[in-house]
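When a residue number appears, it is its place in the shown sequence, counting from 1.
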Amino acid sequence: MLKTIAGFDRIGEENAFAVLARATDLASKGRDIINLGIGQPDFRTPDHIVEAAIKALKDGHHGYTPATGILPLREAVAADVEKRTGAAISPDNVLIVPGGKVTMFAAILMFGEPGVDILYPDPGFPIYRSMIEFTGANPVPVPIREENEFAFSAEETLSLITPQTRLLILNSPANPTGGVTPRGEIEKLVKGLADHPHVAVLSDEIYGQMTYDGEAHVSLMEFPDVRDRVILLDGWSKTYAMTGWRMGYSVWPDALMDKARKLAVNAWSCVNAPAQFAGLAALTGPQDEARAMVAEFDKRRKVVVEGLNAIPDISCRTPKGAFYAFPNITATGWKAKALASALLEESGVAVIGGPDFGILGEGYIRLSYANSTENIQRALERIGDFLSGSQAKG
């Protein structure tokens, strides 16, 4: 009998892909399915980005690139980070990776082992905890609370740090809640981290260019006092509707960059060459379509929040970032995952149950408003009809 390491018995997954597979299967059988489950823009990648990849192919960029990525792209990333955060970044600290998850994998693998604590947001992106458990490290949830507008609390976060803590994972704007942590709270956290110089920080800022109502995204890169231990996670998937291109980047402090480069050499060699030229075009070309996409998400956000709050027994805070709503469904009497499953199977609406994002996700479901306003309105009507005619289950 084959025996794998114990880590594979602990590893989890991202249930949004299982929901997507089931929704696709139902649609293939003729069901009318409205997918508010998967976190992916429903827009095409802008044409000038696509054309850059086609040109790269025609120009013969068919081979390996440096493991860290082509220099023009790393320079463009450094320039873009500096423009948005004020932090002067060397291209030598930039690593081009095949998607945002790779940075999580690398950082958690770098610090996780038995006997170590790694702090992560809960509810939060499920791969954080999955990877922490894979390494054998102890996952320590940082509560993300509705009463705090789904921002993390600096005081509560700092109180969870121990001598065993190696890594703190932060995410703002946040998946699944849409919460945005304000500057004051981040400043308190940075000040408190001075007492914990042994703790590295993975700052997941993949939704950093998707904020609303004048809310400003505050990057950890803005704070020189912690920049020597911050790993920045960002990329193209959300901002430029490039999920299928598998393009992300990370910025690593000097002490960790060569370790990250070696992981790249061992794991994926380099990122697809034409995709890197597409990424370069995205950063250096016109930004009109990216801004228009966020403006459209903003309109849909208002439709979602208004529609959810009009459904009896559902309440929804207004998300300040990303493209997710995280309504409270406790008063319906349903358990979250049971409700999500019933909505898909019986009403043809794909959403994700809150517990798929952590222990504190019970009582909530996640809706992605990366779908058309028309579909969102149809989905909200179906949810309301389902709840009005159902008995609480689960």
Side-chain angles (χ1 to χ4, degrees), residues 45-46 48-49 52-53 56 61 64-107 110 170-173 186 190 200-211 216-240 242 245-265 268-287 290-291:
T45 304
H48 73 279
I49 299 174
H61 295 288
Y64 292 123
T65 76
T68 53
I70 60 174
L71 179 58
L73 181 55
R74 289 186 284 115
E75 289 174 334
V77 167
D80 187 63
V81 170
E82 182 170 8
K83 180 179 69 177
R84 292 188 290 110
T85 70
I89 301 298
S90 168
D92 293 339
N93 293 89
V94 175
L95 179 65
I96 308 301
V97 290
K101 284 178 182 172
V102 179
T103 300
M104 299 172 203
F105 188 96
M110 205 174 284
L170 303 174
N171 177 214
S172 175
I186 293 178
V190 169
V201 181
L202 171 60
S203 186
D204 181 348
E205 302 181 20
I206 195 72
Y207 298 99
Q209 298 189 62
M210 292 182 175
T211 57
H217 168 58
V218 182
S219 172
L220 264 288
M221 300 304 291
E222 296 178 27
F223 301 92
D225 290 349
V226 293
R227 205 177 294 155
D228 63 348
R229 49 184 163 136
V230 169
I231 303 159
L232 174 66
L233 184 163
D234 209 329
W236 289 262
S237 291
K238 315 300 183 179
T239 307
Y240 298 102
M242 294 177 68
W245 294 76
R246 306 318 303 134
M247 283 279 289
Y249 68 79
S250 40
V251 178
W252 296 78
D254 289 340
L256 302 177
M257 181 61 198
D258 198 53
K259 291 179 172 63
R261 181 193 63 79
K262 287 178 181 176
L263 274 176
V265 171
W268 61 89
S269 297
C270 63
V271 172
N272 174 296
Q276 293 190 55
F277 285 91
L280 179 60
L283 293 179
T284 59
Q287 303 298 304
R291 285 191 288 265

How close do [X] and [Y] get, heavy atom to heavy atom, and via which atoms?
| X | Y | result |
| --- | --- | --- |
| Ala282 | Ile49 | CB-CD1, 3.5 Å |
| Met242 | Ala278 | CE-CB, 4.2 Å |
| Cys270 | Pro66 | CB-O, 3.7 Å |
| Ala255 | Lys259 | O-NZ, 3.9 Å |
| Leu95 | Ala264 | CD1-CB, 4.2 Å |
| Gly100 | Leu233 | O-CD1, 3.4 Å |

Output, in order, the C-alpha distance, side-chain angles, deciding distance and verdict of side chain to side chain contact (heavy atoms under 4.5 Å, CB included) for Ile70 and Val271.
CA-CA 9 Å; Ile70 60 174; Val271 172; over 6 Å; no
Would you give the length of the straight line joining atom [atom1] of [X] to atom [atom2] of [Y], rounded to the nearest 0.5 angstrom?
| X | Y | atom1 | atom2 | value |
| --- | --- | --- | --- | --- |
| Asp258 | Asp92 | CG | CG | 11.0 Å |
| Lys101 | Ile206 | NZ | CD1 | 12.0 Å |
| Gln209 | Lys238 | CD | NZ | 14.0 Å |
| Glu75 | Leu280 | CD | CG | 9.5 Å |
| Asp234 | Arg84 | CG | CZ | 5.5 Å |
| Arg261 | Thr68 | CZ | OG1 | 8.0 Å |

Non-neighbouring partners of [X] that pass side-chain hydrogen bond (donor to acceptor under 3.5 Å, both in side chains), sequence neighbours left out:
| X | value |
| --- | --- |
| Ser203 | Glu205 |
| Glu82 | none |
| Asp254 | Asn93 |
| Ser250 | Thr103, Trp252 |

Pairs involving residues 272-284, ordered by first then second residue, that meet side chain to side chain donor-acceptor pair (under 3.5 Å) (sequence neighbours left out):
Thr65-Gln276
Who pairs with [X] by side chain to side chain contact (heavy atoms under 4.5 Å, CB included), at least two apart in sequence or on another chain?
| X | answer |
| --- | --- |
| Asp228 | none |
| Ala87 | Thr85, Ile89, Met221, Arg227 |
| Phe105 | Leu109, Met131 |
| Pro253 | Ile231, Leu256 |

Short question: side chain of [X], backbone of [Y] - any donor-acceptor pair under 3.5 Å?
| X | Y | result |
| --- | --- | --- |
| Gln287 | Gly285 | yes |
| Trp236 | Gly279 | yes |
| Arg74 | Gly69 | yes |

Check each of Val190, Val201, Leu170 against Val230 using the side-chain contact (heavy atoms from CB on, under 4.5 Å) test, and report the only one that passes.
Val201
Identify, with sequence neighbours excluded, every residue that meets salt bridge (Lys or Arg N to Asp or Glu O under 4.0 Å) alongside Asp204.
none
Considering residues at least two apart in sequence or located in another chain, which fulfil the salt bridge (Lys or Arg N to Asp or Glu O under 4.0 Å) criterion with Asp225?
none
ring-ring contact (aromatic ring centres under 6.0 Å, His included) against Phe277, all qualifying residues, sequence neighbours excluded
His61
Going by heavy atoms in the side chains, are Pro91 and Leu71 under 4.5 Å from each other?
yes
Evaluate side chain to side chain contact (heavy atoms under 4.5 Å, CB included) for Ile186 paired with Phe223, printing each intermediate quantity in order.
CA-CA 10 Å; Ile186 293 178; Phe223 301 92; 3.6 Å; yes
